[in-house]
Each structure stands twice: as C-alpha cells, then as structure tokens.
Amino acid sequence: MNKETTWIKRFFAMFSSRKNADNQNKETAAKSLNYIFDSIDKFSQKAEGRMIEKWPELAERIKTICKTVHLLEPDVSTLAGKAEQAIAQKITSASSACEVLFSNGDEKPLRNDLSDLERLVKQRMNPVSE
C-alpha cells in the first residue's frame, strides 16, 4: 500500500510542478508587459505634453502606438520575450530622440524610432511560430 501511495504522489507531483512552472512563466510574462505599459505610458505623457502644439502628427502617432501596445497580452514564448525586450529598448531610444527633438527640433531620430517601434509592436502582436 505504501508503494502505491508513493507512486500516486509522484505522478501528481509531476503535473503539479509543471503547473507551478507554467504559472511562474505567465507571471513573468505579465510583469514584462506591465514594465512595457509603464514605459510607453510615461513616454506618451511626456511627448503629448510637450509636442501637441508644435508636432501634433508625432504626438498622435505616439498616442496610437501607446494604445496598440496596451492591446498586447502576456505570452510565454521566446519570440514574445525577445520582441518585448526590443520594444522596451526602442521605447527608451524614442524617449531619448524626443529629448533631441525638444532641444534642437530634429524630427528624424524620433520618426525613425517610431517606425521601428510600430514594426516591433506589430511583430509582437502577430508572432511567427517558433
């Protein structure tokens, strides 16, 4: 009887540990997205507050990207993780390009970063299978 109990415990423990790992992966994926949401929100607020009068087209584009980013859902795949890392880096780059725009009026770096960011978000929304 004791051997049967041990075998049954091992059998269910195998599924329980897999479930715990899946839950941890989902939590990590959600945290990653929350970081991106926070970053894009801060960038959007900064841009909207200072760009709306002089560069309304860029401000609207950033607002649209922000809304699109918020449509993303947690995904535990490697492709999603890589895309999210690239998105986070590009948000930082775009935020820096925004400062360049404010200081000397050069739109090109920000336009390039926004194009890249739009492409990355689109890739993350429609991942190719691994």
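Numbering starts at 1 and runs along the sequence shown.
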Excluding sequence neighbours, so at least two apart, what forms ring-ring contact (aromatic ring centres under 6.0 Å, His included) with F37? H70

Decide yes or no for K46 and S95: does some side-chain heavy atom of the first lie under 4.5 Å from some side-chain heavy atom of the second? yes

Using a cut-off of 6.0 Å, state whether more than 12 heavy atoms not belonging to E57 lie near its atom CD. yes

Close side-chain approach of S39 and T92, heavy atoms under 4.5 Å: no

Between the CG atom in L58 and the CD atom in E107, the distance rounded to the nearest 0.5 Å is 5.5 Å

Less than 4.5 Å apart, side chain to side chain, heavy atoms only: is that true for L101 and D106? no

Indicate if V76 and I36 have the same hydrophobic cluster label, given that clusters are the connected sets of ILVMFWY residues with side-chain heavy-atom separations under 4.5 angstrom. no

Grab the two heavy atoms, one from L110 and one from A94, that are nearest each other, plus how far apart they are. CD1-O, 3.5 Å

Under 4.5 Å between side-chain heavy atoms, counting indirect links through other Ile/Leu/Val/Met/Phe/Trp/Tyr residues: same cluster for L71 and L79 or not? no

Is it the case that S44 and K63 place a side-chain donor and acceptor less than 3.5 Å from each other? no

Let me confirm one number: the CG-CD distance from L72 to E84, rounded to the nearest 0.5 Å. 7.0 Å

Trace of the side chain to side chain contact (heavy atoms under 4.5 Å, CB included) decision for K26 with D75: CA-CA 7 Å; K26 288 177 185 175; D75 186 340; over 6 Å; no

Polar side-chain atom of T64 near backbone of E60 as donor-acceptor pair, under 3.5 Å: yes

The single option from R61, K67, R111 passing salt bridge (charged side-chain N to carboxylate O under 4.0 Å, His left out) against E118: R61

Approximate separation, where rounding is to 0.5 Å, of Y35 OH and Q85 CD: 10.5 Å

For C98 and F43, which heavy atoms make the closest approach, and how far apart are they? CB-CE1, 4.0 Å

Answer whether the closest heavy-atom distance between the side chains of E99 and R50 falls below 4.5 Å. yes

The reported gap from CG in D41 to CG in N34 (rounded to nearest 0.5 angstrom) is 10.5 Å

Give me the one residue out of L114, L117, I40 that meets side chain to side chain contact (heavy atoms under 4.5 Å, CB included) with I62. L114

Residues A29 and P74: closest non-hydrogen pair is CB-CB, 4.0 Å

Taking side chain as C-beta onward, heavy atoms only, is V69 less than 4.5 Å from R124? no

When rounded to the nearest 0.5 angstrom, what distance separates CG in L120 from CD1 in I65? 10.0 Å

Flag side-chain contact, heavy atom, 4.5 Å: K108 against D113: no

